[in-house]
Amino acid sequence: MQTRQQLTQKRLEAAKAIQEIRSRYEGKGVNLPPDVSDQLDTAIADFADAGAQLNRLEMIERAERSLTVPEERTMVSPGFGARPEDASHVRDFRAYLRGDLGRGRHLRAAHEVGLTNAGGYFVPTEVLNELVKPDDNPMFIRRISRVESVRAMITIPTITARPTASWAGETGAVSETGATIGKRSYDPNRLTAKTSVSRLLVEMSAIDVEGFLSGELDYQFRLAEEKAYMTGDGSGKPLGVFVADSSGISTARDRSTAAASIAADDVMDTFFDLRGNYRSRASWIGSRAFVKAVAKLKDGQGQYVWSAVEGPGQALVNGPVGTLMGRPLYESEDAPSTLAAGTYAAILGDFSHYRIFDFLGLAIQVLDQDPYASNGEYGYVGHKFVDGNVDLAEAFMRLKMKV
């Protein structure tokens, strides 16, 4: 297995190789020689492979950290306003995770946190911030979208048609055009993740159970959410941006390629179909296959329309893989990847208009009955309520392969 430094260097060298080929042939109006095209394919594959291995290595390191014995510490970040009583509050939660269900019930009375009939426990804000670490997660939708925590159903009024002003003479009738008001509704869809841990490891403090839950349950939540934000059908889950739906992004926001494959003009047409105020804040999202395809495209002057990101470390792992028409391009394993006739190839949009709502917060429940008790384990099940959808369809354009 390669080290983080080796993988980072591999991806940086691949990016430099791509840029070198670009600079050598840019503006010359000629096709790449077959051997150079193969070199470019190899560099693109190395660039993507190193990124995938860096993501995998990050998850392995997080899992290894969860097996270390934690030092005595509070789980309260000073940035979230620690108070003197927080330390006992967190100790009660830690004891609850280690099987002291009575401490969880005492905690409910003392701190007024929610406890379900089955013994579930709503994580207090300070502990939630410790368990859920989006900065450590390689997924990006939450970072580019608008995310809010709420405790009620959400309905957002939207203007679907505006009144129109018209010139009128000094006298005469005034034409009336009415505004049409629509709405976007967001509901708490339940997302769950369940795992178990050896009772011996937990009670002997041989495992940092808090770290384990953050590394496993949180990752599974993020994995399921990211996929839903891309291709969710909106039934009991968020509505994804690659799903045509009148309640989200309809087919009116689609542009088809001119031919069976993607051309530079298709990218430009999609880009300029989006109004300038949205373009200036927009990001592209596409699959690995889409990134590979656009990396070879040139405009009419022989200039590449895609630019690689150069630089070490997390920018390559968690950030965009490059820019396309000057806007960030994010590569997603959850985006449609076949590039077949009638499928979506990519989306461009101002993702501040993709709204994600977290309802109530994360709840963790300890299960110590069978089958866990007989197996010498504790079971942990996390519950989260979330929804996601666009609030303004005109802030997005999708590129679709020609049928």
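Model, not experiment: these values are computed from the prediction.
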Determine the minimum heavy-atom distance between [X] and [Y], stating which atoms define it.
X      : Y      : answer
Ala14  : Phe47  : CB-N, 3.7 Å
Thr231 : Phe242 : CG2-CB, 4.4 Å
Gly342 : Val403 : CA-CG2, 3.8 Å
Ala345 : Met401 : CB-SD, 3.9 Å
Ser337 : Ser287 : CA-OG, 3.5 Å
Val243 : Gly232 : CG2-O, 3.3 Å

Discussion item. Check whether Phe396 forms a cation-pi arrangement with Arg253 (NZ or CZ under 6.0 Å from the six-membered ring centre, at most 45° off the ring normal).
Written reply: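 Not flagged: Arg253 not positioned over aromatic ring of Phe396.
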Fill in: Ring-face cation contact, Phe351 with Arg146, 6.0 Å cut, 45° max
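Geometry flag: not set, cation outside 6.0 Å or 45°.
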Is there a side-chain contact between [X] and [Y] (heavy atoms, below 4.5 Å)?
X      : Y      : result
Lys400 : Thr343 : no
Thr323 : Leu329 : no
Ile141 : Ile285 : yes
Leu297 : Met268 : no
Lys296 : Asp41  : yes
Gln303 : Lys298 : no
Leu367 : Lys194 : yes
Glu377 : Arg199 : no

To the closest 0.5 Å, what do you measure between [atom1] ([X]) and [atom2] ([Y])?
X      : Y      : atom1 : atom2 : value
Glu226 : Ser332 : CD    : OG    : 5.5 Å
Trp284 : Leu324 : CH2   : CG    : 5.0 Å
Asp266 : Ser261 : CG    : OG    : 8.0 Å
Ser247 : Leu239 : OG    : CG    : 7.0 Å
Leu399 : Arg255 : CG    : CZ    : 9.0 Å
Tyr354 : Tyr229 : OH    : OH    : 6.5 Å

Discussion item. Set out, in order, the CA-CA distance, both residues' side-chain angles and the distance that settles side chain to side chain contact (heavy atoms under 4.5 Å, CB included) for Glu20 and Leu40, then state yes or no.
Written reply: CA-CA 10 Å; Glu20 182 182 345; Leu40 181 59; over 6 Å; no
With a cut-off of 6.0 Å (strictly less than), are more than 12 heavy atoms of other residues, nucleotides or ligands near [atom1] of [X]?
X      : atom1 : answer
Lys10  : NZ    : yes
Arg190 : CZ    : no
Lys227 : NZ    : no

Worksheet item: Between Asp350 and Arg279, is there a side-chain N and carboxylate O pair less than 4.0 Å apart?
Response: no
Discussion item. Please determine whether a side-chain nitrogen of the Lys or Arg among Arg142 and Asp358 lies less than 4.0 Å from a carboxylate oxygen of the Asp or Glu.
Written reply: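 Salt bridge present between Arg142 and Asp358.
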Practice prompt. Please test Thr257 against Asp265 for side chain to side chain contact (heavy atoms under 4.5 Å, CB included), starting from the C-alpha separation and ending with a verdict.
Written response: CA-CA 9 Å; Thr257 59; Asp265 284 352; over 6 Å; no
Worksheet entry | Working for side chain to side chain contact (heavy atoms under 4.5 Å, CB included), residues Asp391 and Tyr186 | CA-CA 10 Å; Asp391 63 13; Tyr186 296 81; 3.9 Å; yes
Discussion item. Let's go through Leu191 and Phe221 carefully: what are the C-alpha distance in whole Å and the side-chain angles of both, what is the deciding distance for side chain to side chain contact (heavy atoms under 4.5 Å, CB included) to 0.1 Å, and is it a yes or a no?
Written reply: CA-CA 7 Å; Leu191 181 63; Phe221 280 131; 3.4 Å; yes
Item to complete: State whether a side-chain donor-acceptor pair under 3.5 Å links Asp233 with Ser235.
Response: no
Item to complete: Determine the sole option in Asp273, Asp254, Ile347, Ile249 for which the side chain to side chain contact (heavy atoms under 4.5 Å, CB included) test with Met397 is passed.
Response: Asp273
Worksheet item: Has the side chain of Asn375 got a donor or acceptor atom that lies under 3.5 Å from a matching backbone atom of Pro371?
Response: yes
Practice prompt. Would you check if the side chain of Arg11 reaches a backbone N or O of Leu7 as a donor-acceptor pair within less than 3.5 Å?
Written response: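 Not confirmed, Arg11 side chain does not pair with Leu7 backbone.
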Practice prompt. Mind checking side chain to side chain donor-acceptor pair (under 3.5 Å) for Asn189 and listing every partner two or more places apart, or none if nothing turns up?
Written response: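 Asn189: side chain to side chain donor-acceptor pair (under 3.5 Å) contacts with Asp387.
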Discussion item. Checking Thr42 now: which residues fulfil side-chain contact (heavy atoms from CB on, under 4.5 Å) with it, not counting sequence neighbours?
Written reply: Asp46
Worksheet entry | Aromatic ring pairing Tyr278/His353, orientation class (parallel under 30°, perpendicular over 60°, tilted between) |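 Because their plane-to-plane angle is over 60°, the rings of Tyr278 and His353 count as perpendicular.
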